[in-house]
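Contents: one structure, followed by commentary.
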Amino acid sequence: MAGEQMTNDEKRANVLKWAESQLGVIEYPSGSNKVKYNDWFYGAAGHNYAWCMAFVQWVFARANLPLPVKTASCTDLADYAKKHKQWVTGNYKPGDILFMHWGKNDAITEHVGIVVSVRDRVVVTYEGNTSLASQVNGGCVMERNRAYANITGAYRPWYNV
């Protein structure tokens, strides 16, 4: 698509293609948070920070749609979305950046992933730093099914159609 203007559907598909291509990537060694997304985000190897948001940033950068806020903080991007009227709390669409929480306070953003699809009772996502054993620090890129009870909301970049 070089030289052409991408439609919103093409942007979504490109983001999802890049995210899907990363399924199965793991940090090494296990439990270290050492992974290529942190290396890219921080500009050097060896950073051992939680990396769910660094994964999302990496995917959007690879899709040639860099996010307007370069942050590794879920809260910072969620705040940006709210301030710029790009925050949604329902009708999630592929390519939305979904924020999740695990406690009683549904305003908190503890984890992030990219919406793949929506089913009856769950939102399907591609996420970094997750696993079946740990929702938010699992060390793997996976497809996950997220219950609405754990969803804080989503940032909808460029998809206002």
Compare all side-chain heavy atoms of [X] with those of [Y] and state whether any distance is below 4.5 angstrom.
X    : Y    : answer
L98  : I151 : yes
L16  : V59  : no
C74  : F99  : yes
Y126 : E20  : yes
H111 : W102 : yes
V88  : D96  : yes
R156 : K93  : yes
M142 : T125 : no

[X] and [Y]: which non-hydrogen atoms are nearest, and at how many Å?
X   : Y    : result
F41 : A72  : CZ-N, 3.5 Å
W40 : A61  : CZ2-CB, 3.6 Å
I97 : P157 : CD1-CG, 4.5 Å

Are [X] and [Y] connected in the hydrophobic side-chain network, where two residues link if heavy atoms are under 4.5 Å apart?
X    : Y    : answer
V112 : V124 : yes
V118 : I114 : no
L77  : I108 : no
M100 : V122 : no
V56  : Y92  : no

Expected output: side-chain [X] to main-chain [Y] donor-acceptor under 3.5 Å:
X    : Y    : answer
Q57  : T71  : yes
E10  : T7   : yes
N150 : H101 : yes
N38  : N33  : yes
W18  : R62  : yes

Determine whether more than 12 heavy atoms belonging to other residues, nucleotides or ligands lie under 6.0 Å from atom CG of N48.
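Atom CG in N48 is crowded, with more than 12 foreign heavy atoms closer than 6.0 Å.
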Name all residues meeting the ring pair (Phe, Tyr, Trp, His ring centres under 6.0 Å) criterion together with Y49; count only those two or more places apart in sequence or in a different chain, and write none if there are none.
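Applying ring pair (Phe, Tyr, Trp, His ring centres under 6.0 Å) to Y49 gives Y42, H47.
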In chain order, what residues pass the ring pair (Phe, Tyr, Trp, His ring centres under 6.0 Å) check against Y37, with sequence neighbours excluded?
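Result, ring pair (Phe, Tyr, Trp, His ring centres under 6.0 Å) vs Y37: W51, F55, W58.
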K36 charged N/C atom sitting above Y28 aromatic ring, 6.0 Å / 45°:
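No - K36 does not lie over the ring of Y28 by the 6.0 Å and 45° rule.
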Report the distance from atom OG of S131 to atom CD of E27, rounding to the nearest 0.5 Å.
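It is 9.0 Å, given to the nearest 0.5 Å.
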Going by side chain to side chain donor-acceptor pair (under 3.5 Å), name the pairs with one or both residues in residues 136-149, residues two or more places apart or in two chains.
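Side chain to side chain donor-acceptor pair (under 3.5 Å) check on residues 136-149 returns E127-R146, N129-N137, T130-R144, T130-R146, Q135-R144, Q135-R146.
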Just checking, any donor-acceptor pair under 3.5 angstrom between side chains of T152 and T109?
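No, T109 and T152 have no side-chain donor paired with an acceptor closer than 3.5 Å.
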